[in-house]
Number of protein chains: 2
Amino acid sequence: MAKRNEATRGRLSREAIIVSAVALADAEGLDAVTIRRLAQEHGVTPMAMYWHFNDKDSLLDGLAEHLIEAVQLPEPGDAPWDQELREILDAFLAAIRPHPALAGLAMRRILAAESGLLIAERVLGLLRRGGFAPAQAAEVGTFLICSIITLAVADAVPGPPPTGEEREQALRDKRARLESLPPGRYPNVIAAAPALVVCRDEDDYFSLNLDLLVGGLHGLRRG
Amino acid sequence: MAKRNEATRGRLSREAIIVSAVALADAEGLDAVTIRRLAQEHGVTPMAMYWHFNDKDSLLDGLAEHLIEAVQLPEPGDAPWDQELREILDAFLAAIRPHPALAGLAMRRILAAESGLLIAERVLGLLRRGGFAPAQAAEVGTFLICSIITLAVADAVPGPPPTGEEREQALRDKRARLESLPPGRYPNVIAAAPALVVCRDEDDYFSLNLDLLVGGLHGLRRG
DNA sequence: CCCATAACTGTACGACGTACATGGGGGTGA
DNA sequence: TCACCCCCATGTACGTCGTACAGTTATGGG
């Protein structure tokens, strides 16, 4: 086993482990994030991880917290509530988009992290300003956050992200399969096939669906 | 190893395996669904599974397909597009709600299943009737389905569903933690704490957020 | 009766998370 | 200077997982 390499010389640390775990997840997917693998990357025995984390789950907790802490909340201003909410959701999405493999971790862990509580507080506050009662704000807010995580997770393939070449090929295959469906039964699937296998522009896709969510809030208040 | 028990006497079959896998997932979570465990339940060697499924992933494909096939699509009528769409989304949610541990599987596999294509076709058709272009319909439709799956997944705890007693305790603890936060910093979180740890009424929660989604569609068309 | 095929068994391998006991080395107080 | 302690890491082992590969039985058509 190679002794501590350059990048990680000196003692191990919680933070260093988390950083390399994030990189690993980005590069090869969440399944590649393994106690043994991380230990190896740090030139250390697997059991050394257990000094810094109780178990694998608390490592994942750490990853989720790391992710959530990256959210750059905009300063509270005097913009309309829905506009400020939109900015927060944008910021949240922007923070997790670079790490689709990890986004799913955040789902159940937002309220466990300090920074997650802050996000929740802001979102709930704005919803209440928008006229929602506390309980409704909680339910809608939960759904908003979960939906945005879903948006980010949705374009993560499990396992290692394929190389450009084979990714192209897989997408072509998938599209071809959809387009060779019986045209009588699936006209709309066929027409939408190009957009179903991959969206033209991710930014547009995200912004479209954020519009949908925030716009939907107004409908709820009227109802 | 107990020889074939009563319930599963005779030959193994793809369908029988899937059915028991669904039951197992419902009872103890997706992690309990194991080649070895399923084999054991059928009084059979683990490797026997590989006659009926190429590998574990295709078993999961089977589970997802099983789930999607349970969706009871309403007959196409002459109701307004948004109303019919809502009915379809309701039907979809109703089908996956009983199996929260499996719902996540459906996310990436809808377009792989025959019945999933049918759902997609209906949804896309209605969205186009609602004035969306094919590409937009694809993006919005994808998001709708994913969001609904998220709704169902959200109230699944990973691992075995805890007994009523310890579940109650866990919820009490979580709520207490939120309510003992500094009231100056987190007034809204505290006010919403009861609804954050568990919603008053799941039906209301689901219907509220489906309203949000379908209502949001109208906003998109105007914009 | 023969034998191809379908269905299943047996054994083995390399991963995984982690319990438990052990060891060392650097900073601190004597 | 030395002894001590405790942080940090090691070493070994166990039980689990998915599954590759080869061998065995049951079934039914020629």
Side-chain angles (χ1 to χ4, degrees), chain A residues 1-21 24-25 27-64 101-102 104-105 109 157-160, chain B residues 1-21 24-25 27-64 101-102 104-105 109 157-160:
Chain A
M1 179 186 315
K3 247 347 190 192
R4 304 296 177 75
N5 61 32
E6 321 295 318
T8 57
R9 162 171 302 135
R11 294 293 244 254
L12 225 47
S13 81
R14 219 188 138 82
E15 197 55 23
I17 296 174
I18 288 186
V19 166
S20 61
L24 190 51
E28 306 185 27
L30 190 55
D31 286 350
V33 176
T34 281
I35 299 276
R36 298 171 122 99
R37 177 79 183 269
L38 287 173
Q40 183 184 335
E41 298 214 338
H42 287 269
V44 134
T45 286
M47 291 313 290
M49 300 288 126
Y50 287 87
W51 182 258
H52 305 276
F53 298 92
N54 288 335
D55 54 13
K56 178 156 189 190
D57 213 57
S58 76
L59 199 176
L60 298 182
D61 289 345
L63 291 182
L102 295 175
L105 294 177
R109 298 173 155 98
V157 216
Chain B
M1 180 187 315
K3 250 342 193 193
R4 307 292 178 78
N5 61 31
E6 321 295 317
T8 58
R9 163 171 303 135
R11 294 294 244 254
L12 225 46
S13 82
R14 219 186 140 82
E15 196 55 23
I17 295 174
I18 288 185
V19 166
S20 61
L24 190 51
E28 306 184 28
L30 189 55
D31 286 350
V33 176
T34 282
I35 299 276
R36 298 172 119 99
R37 177 78 183 270
L38 288 174
Q40 183 184 337
E41 298 213 338
H42 287 270
V44 133
T45 285
M47 290 313 290
M49 299 289 125
Y50 286 88
W51 181 257
H52 304 276
F53 298 92
N54 287 334
D55 55 12
K56 178 154 190 192
D57 212 58
S58 77
L59 199 175
L60 297 182
D61 289 346
L63 291 181
L102 296 176
L105 294 178
R109 296 179 227 247
V157 213

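So that the names make sense, note that chain A is the first sequence line, chain B the second, and so on, each numbered from 1.
Atom CG in A/L60 sits roughly 10 Å away from atom P in C/dG17 (whole-Å rounding). Taking atom CG of A/D31 as the reference point, atom P of C/dG14 lies 21 Å away to the nearest angstrom. Computed from coordinates, the B/Q40 CD to C/dT9 C1' distance equals 16 Å when rounded to whole Å. If you take CH2 of B/W51 and P of D/dA26, they are 17 Å apart, rounded to a whole angstrom. Atom CD1 in A/I17 sits roughly 11 Å away from atom P in D/dC8 (whole-Å rounding). For the pair A/L38 CG and C/dC16 C1', the interatomic distance rounds to 13 Å; values are reported in whole Å. At whole-Å resolution of the value, CZ in A/F53 and P in C/dG17 are 13 Å apart.
Partners of B/T34 according to the side chain to side chain donor-acceptor pair (under 3.5 Å) rule, which considers only residues two or more places apart in sequence or in another chain, do not exist here. Remark: B/S58 pairs with B/F53, B/N54, B/D55, B/D61 by the side chain to side chain contact (heavy atoms under 4.5 Å, CB included) rule, at least two apart or across chains. Take B/A32 and apply the side chain to side chain contact (heavy atoms under 4.5 Å, CB included) test, not counting sequence neighbours, and it matches B/L24, B/E28, B/R37. With sequence neighbours excluded, no residue satisfies salt bridge (charged side-chain N to carboxylate O under 4.0 Å, His left out) with B/R36. Evaluation of the salt bridge (charged side-chain N to carboxylate O under 4.0 Å, His left out) rule for B/R14 yields no partner, not counting sequence neighbours.
Residues B/M49 and B/V44 meet the side-chain proximity criterion, which asks for heavy atoms closer than 4.5 Å.
Taking side-chain N and O atoms only, B/H52 has a distance below 4.0 Å to OP1 or OP2 of C/dC8.
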Treat primed atoms plus P, OP1 and OP2 as sugar-phosphate and everything else as base, then score nucleotides 13-20 of chain D 5' to 3': B for base contact with protein heavy atoms under 4.0 Å, S for sugar-phosphate contact only, - for none. ----BBBB
